[in-house]
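Here is the structure we will look at.
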Amino acid sequence: MDAPHLPEHSAEKRVRIVGSELVENYTVYIIEVNVGDHRWTVKHRYSDFHDLHEKLTVEKKIDKHLLPPKKIIGKNSKSLVEKRQKELEVYLQTLLSRFPASTPKVLSNFLLFHLYEINGIAAALAEELFHKGEQLLAAGEVFLLRPLQLYAVSQQLKLAKPTCTNGDARADLGHILDFTCRLKYLKIPGMKAMVGTSNIEEQSLPFDLSIFKSLLQIEISDCDVGQIKDLPSLKPTLATLSIHLSASSMKEILVPEASEFAQWEPEGVDTDCPVTAIIPTWKMLTTLDMSRNFIRCIDDSVKLIPAVEFLDLSYNELSLVENLQHLYNLVHLDLSFNKLTVLEGVHTKLGNIKTLNLSGNQLETLSGLSKHYSLVNLDLSSNRLTQLDEIKHIGTLPCLEKLSLADNPMCIIPDYRTKVLAQFCDRASEVCLDGTTTTEKELDTVEVLKAIQKAKEAKDRMANNEKKVSDVPGQAADRPQSSSSSLVAPPSSSSPSLSHSTCSSQGNHVCIAPCCCEEEWKPWTASLSNLFLPPSLLSYTTINQEFTNQLFAQISLSNKEESTPKPCKTPSLEGTDQGSPQSGDGYFEMTLDDTNEIMGCSSSSTIQEKVTDDVKKESTIVNVKLVVWSLCISVGEGLSQRPSCLVATDCSLVVFHTRSEEPVSNLEELTENLEIDLIVPYTNIETFQFDIPEVCVSLNVKSNSTRWFFFSDAQSLKEMHSCIVPYVDQANEQVLNSPNTQLFIRQFLNSWDFEESAGSVKGGYLIHFLNLDSSTSDKNVANNPQFPKNSVPSDVLSQISLFESDQDQTSNPMILFLTSRYLCILKVDFVALASRDPAEARRMQSCSKVTHIPLSFTLLDPKQCCSCRAVSNSRLFYDEHVIELMVGHECLTVVFALPQDKFMFLREFTQLRSSLREIKTIALQRTKKGHLKVHSCPKSMKDIVRIVHLPTVEVPRPHLTLSLLYPAKSLIQQLMEDNQCPSHLSLSSSLLLISSLKGDQLVHFFHNNVAEMENEELKYILWTSVLFYRSPDVETTACVLLSTKAIYFILDDTASSLTNQSNFLISFCFTLKLKDLQSINVGLFDQYFRVMGPSADHIISCLTRDSYSTHRFLQQLMMVLTLLEKVPSPEPSELDFYSQFGNKSTGKMVNYELVHSSKVKFIYPSEEEIGDLTFIVAERKTPQVPSHSFNILLYVLVFQVHIVPGQTAQNQTVLQPKTLILTSTDVFLLDEDHISYPLPEFAKEPPQRDKYRLTDAWRIRDLDRVLMGYQTYPQALTLVFDDVPGPDLLCHLTMDHFADGDGKGDRTQGFGGAEGEVQWCIFVPGADSRERLISLLARQWETLCSRELPVELTG
């Protein structure tokens, strides 16, 4: 119904009782109330009328006999009810006529005026706000007002009458206006149905929003656009606007004036077109939620919301993305559940948004998203995406971290997740697909998929190059044959191939220069060929049908040739089917269409030609079920190691090995070099069991003394074990005692060691240590001072006994494990293990030893690898298998036997070390001049050769965006200004090197040596002294680096100065992640601050002794913490809109605590702390001293300079930290505990030391003069006091208090002073504090002595 044209106060109020009904044993009367066009019903029994009458009789002096009397007998009879109904109707009409202007509150509530009539609604709302308004405003919560209430207030404001009509001040309309003027968060939920028992439709009631003057957020739902009046009046303050189920276009909400003006333009836009109106923009609006409306297009009204960052248009009827180019601040966009079908050129309209939700649309292609490089979160679920090729369009987006593709047709494709992740190349591990983090197994499969794809591309390139060369006359025949052509399937996308093309002086094919590190590693590549598994072999698995055919041929030939000696004679096998070999379970799963993508595979016809006719006629067919490449350690008469191929057939296990020491280039070359070591029927296998869970499986054959140990990836070993065990005699098969790696390692550790390394155990990598001292190609390494023989970690490493003798080039095979805190090295005596009975319970413990090295003292060698991109076997061997570790000052060179293990180790090692909550070592490489070393290729290389661009293997570093790699010049300039170390701080060689860094060197040093997390940016550098809670007496110098993710403390390490000849400077770094930061205690006068984390190890005090430095650091810290606030996800949230986006405050101060929006507390000194310090000062004074002299004028942290006689000139002074207190009449020196107070929550007892300990004090009037200059210490102040009789300010202290200090107890003779004088030599680090001390001291001295303070300048 339409809203009434006349105000309701002038409308006639009518009431009548239209009926009654019997409820249980009493009668209820149905009352119909009419006020203007509004009508509603009320139900009351007679007792309700009686209670009403009693109240009106007392309050309004109503006639007692006006109400019909009670009836006890026959009260429910029909005649009585009809009679009473008429009488009660007359009673109500009489009351309304008695109070025509202002209805009493009890009568208003009786007739529900407070629910349906504007005067009653306004009065009820005013009374509610009178009682609760201030509490609601202080709480800052969302306040709910219905359209009917707003309509009532709007109508009341139109009336020319007082704001309070019924005489009750609590119902004054002014309470509403005062509340609405200050309200910040408002929600207006409408409804489509009638209100209660009335005929009122809220959607037809207009309401005015101009009464709200401070609104920050408003949500309106189920309201007609026409009833919302004066919404643009909220533009000056409104930051979040949410409209639901109310609008059919954006224009009618954002530009309601458009209905009056045909041509309009937003404010501040220059235009040549004629306009009829200039519309002000929504300058403060940052969040617009217009989801669940009926919007068909994004019109040009978005020009008026240029500051919007969050835009939600989900659940509408949009078919195109347009006009969003005007929102250049847009960060998060939700277009889910619309009717979008294409996204062509969307990057030109969306700008640099980070979160995009496109779920629930009708998209079939993603080509429009290929250039949206800023995307971080992308939701594409519930669309019509069918082809995996569409993922290529978003696979190159550099920042994408979260992707949702659920409920798309492509999800039913086998191995859907791994095939999608493979499209992201090197970033597969960084992408979270469908809300599930990528597993290690998926990453391994992705790496192999990428390897196959690269192999296919390399094969195509080779074919093209050969075709080009063959087209040139005379060159095809003369072309030199490459010993190893480009045939590789690397396990990681970041790893290069293990083959290369040689240079030719003729022809146009690619030439590759020799690697600059080839001479160093060439001897190792040749000598270690049997100790590692080449990655090129991993592409030949069960799914490669040509390869399995070759294996079938060789096994069949071996079975036929009985004269060929074998370790175990294999009887003739019973045949099964005569068809082609079955694929079975391979190294990874793959569709049939991908079998032709393996590089180096000859055609099936060529393979079949090599199978002899005799084999074709064999009735016995060998069915190859599974192929696993591994590294085999065999123990017979001695110990030997070499790559092996395990082949499981229907009834026997076959072991192959390769004869060639060079990497194979194709399938034909591999086949020629394959040789059978062992063919054993399953019935002759005594045991086939895991000796090391998920790492090593051992084979023991009946009547054979040789024992074989096979190392491969966990998945392949488990598949092989599952394939063979069912055929092995169950009585001989041993059950593994330790079902997983964690329980296996636990049996080697003590209980306390295992508690320290609690957590999951990672790895199980087969490794060898290289003895560089024995290498003839690198003799300088042995004599290099960067590997000192007397470093502390050598004691730990000596327990491992890496090498049997100094002449050994490599160690025995060992297994590497990672725990949360340790690097565990398992040394196994395989010879002794092979001689033990497999059924023996503790045979592994008796033949093995575990040494664990703390991860905090282990780091990847910071020595930069050769940046040359030339290809060589030596270089590729190093990239695929070698890692150099630094344990303290000791360098360890590790060779990983399996190709995947190096990259898995790097990933796990980096994650575990970054998660350590303790002090860790860092290493800085320098040149002889002391600068950071930078490695680069000679520029002339580009002119000599054409370089083949292969991916290089680098130490894993956190992912960096372009803005972090190339920071703004203003930030670099600011960091250079901050990197100024105060002169009084002593620096070790490592800190001295850091302080000398300039410009981009600072940023590179941070990312290469310190940063541990992704997208981390250095924001501030602070040089200061620090104290740790665990060692409160040791004050050390630190360089504090504040980043966007953590606070790093690079500590002074004087021990690193002992190795000046080393190319590396070792220092220590303590990391406090901002997510672990709990509170900051700010010291008095901002002289220091204390950071507190989750435990006692994370409590550190920074003694800046400079209020400016403290203020700068805290300011930068607050800015960084603000950036850490959680960004809403693109998925629809069940939380209230305001709960998700509402809180944008930076903090709230309560009781000297500033609670930041990140929940970090900034605790400032309270009056109680000042009072405690004042009390300590006051109790040293005599009772005659007036109370005003207790006032503390200055608190500053200083150094007292002591002269140590008999020392050299440069070491004749010692700085002792002190706290100086200046009052109106005296000056005090104290020792202060800066780290223990305030007591942490976990502290069970008070510290052994008091917070303040008074050490010396003098009256200001006894001050004779002040000496300034460089004679004793640069910029120090010498206060010279006359030692005259006077009040003893230290009367409460004994001489024992000063027994520890040199000369502190002798107050009659100062340092360097004449007889009868006492000198204080004070160094104040902060220039502002120093000037303030001199100024206040001179002022107080002049007040007490009535003359100026003598100040003398020294040399």
Side-chain angles (χ1 to χ4, degrees), residues 915-919 1013 1019-1020 1022 1024-1032 1035 1038 1040-1049 1051 1070-1126 1143-1173 1195 1197 1232-1247 1249 1251-1252:
S915 63
L916 288 175
R917 293 186 173 184
E918 55 191 71
I919 296 178
M1013 284 163 279
K1019 285 294 187 181
Y1020 187 69
L1022 174 66
T1024 181
S1025 300
V1026 295
L1027 288 172
F1028 283 81
Y1029 188 81
R1030 294 292 193 187
S1031 53
E1035 180 177 335
V1040 184
L1041 304 177
L1042 173 64
S1043 74
T1044 53
K1045 300 293 180 65
I1047 305 175
Y1048 298 95
F1049 298 85
L1051 306 177
F1070 181 80
T1071 305
L1072 178 58
K1073 297 180 180 178
L1074 294 183
K1075 66 179 182 180
D1076 297 329
L1077 183 62
Q1078 296 181 353
S1079 62
I1080 304 289
N1081 295 98
V1082 184
L1084 291 170
F1085 290 79
D1086 295 342
Q1087 289 291 294
Y1088 69 96
F1089 62 90
R1090 184 180 72 171
V1091 296
M1092 294 187 63
S1095 66
D1097 295 326
H1098 296 78
I1099 301 180
I1100 308 171
S1101 285
C1102 297
L1103 309 180
T1104 61
R1105 296 183 171 91
D1106 183 12
S1107 58
Y1108 175 76
S1109 298
T1110 302
H1111 176 73
R1112 280 289 314 279
F1113 181 85
L1114 296 181
Q1115 185 182 33
Q1116 294 291 331
L1117 179 59
M1118 288 185 181
M1119 292 174 59
V1120 170
L1121 290 174
T1122 304
L1123 298 176
L1124 289 180
E1125 293 185 16
K1126 185 177 180 182
N1143 188 9
K1144 290 190 177 181
S1145 61
T1146 57
K1148 185 177 182 181
M1149 178 72 79
V1150 178
N1151 295 331
Y1152 301 98
E1153 291 186 1
L1154 176 64
V1155 182
H1156 193 267
S1157 56
S1158 61
K1159 307 304 180 184
V1160 177
K1161 294 182 179 179
F1162 289 80
I1163 306 173
Y1164 292 87
S1166 62
E1167 296 179 357
E1168 183 179 356
E1169 294 185 43
I1170 300 293
D1172 292 342
L1173 187 56
Y1195 167 97
L1197 301 186
E1232 183 178 353
D1233 187 347
H1234 300 284
I1235 188 68
S1236 303
Y1237 299 88
L1239 294 180
E1241 295 180 357
F1242 53 79
K1244 298 182 180 179
E1245 59 184 12
R1249 301 183 302 177
K1251 182 174 177 59
Y1252 301 104

Q: Could I get the full list of side chain to side chain donor-acceptor pair (under 3.5 Å) partners for S1236, not counting sequence neighbours?
A: D1233

Q | T1071 side chain vs Y1048 backbone, donor-acceptor pair below 3.5 Å | A | no

**Q.** Test side-chain contact (heavy atoms from CB on, under 4.5 Å) applied to E1241 - qualifying residues, sequence neighbours left out
**A.** none

Q: Would you check if P1238 and I1163 make a side-chain contact, meaning some heavy-atom pair closer than 4.5 Å?
A: no

Q: Could I get the full list of side chain to side chain donor-acceptor pair (under 3.5 Å) partners for T1104, not counting sequence neighbours?
A: T1110

Identify all side-chain donor-acceptor contacts of residues 1077-1085 below 3.5 Å with residues at least two apart in sequence or on another chain.
| from | atom 1 | to | atom 2 | distance (Å) |
| --- | --- | --- | --- | --- |
| N1081 | OD1 | R1090 | NE | 3.4 |
| N1081 | OD1 | R1090 | NH2 | 3.2 |

**Q.** Side chain to side chain, L1042 and V1040, heavy atoms closer than 4.5 Å
**A.** no

Q. Considering all heavy atoms of both residues, which atom of P1240 and which atom of I1099 are nearest to each other, and what is their separation?
A. CG-CD1, 3.7 Å

Q.
Does anything in residues 1073-1083 form a salt bridge (charged side-chain N to carboxylate O under 4.0 Å, His left out)? List the pairs, not counting sequence neighbours.
A. R917-D1076

Q: Flag the pair Q1116 / L1022 as yes when at least one side-chain heavy-atom distance between them is below 4.5 Å, and no otherwise.
A: no

Q. Relative to each other, are the rings of Y1088 and H1234 parallel, tilted or perpendicular (30° and 60° limits)?
A. perpendicular

(Q) Tell me whether K1161 at atom NZ has more than 12 heavy atoms from other residues, nucleotides or ligands lying less than 6.0 Å away. (A) no

(Q) For H1098 and M1092: C-alpha separation, side-chain torsions, deciding distance, then whether side chain to side chain contact (heavy atoms under 4.5 Å, CB included) applies. (A) CA-CA 6 Å; H1098 296 78; M1092 294 187 63; over 6 Å; no

Q: With sequence neighbours left out, write down each residue that passes salt bridge (Lys or Arg N to Asp or Glu O under 4.0 Å) with D1097, or none if nothing qualifies.
A: R1030

**Q.** Side-chain heavy-atom pair F1162, M1118 within 4.5 angstrom cut-off
**A.** yes

**Q.** Side chains of L1051 and F1028 in contact at under 4.5 Å (non-hydrogen atoms)
**A.** yes

Q | Check: L1117 and I1047 side chains under 4.5 Å, non-hydrogen atoms | A | yes

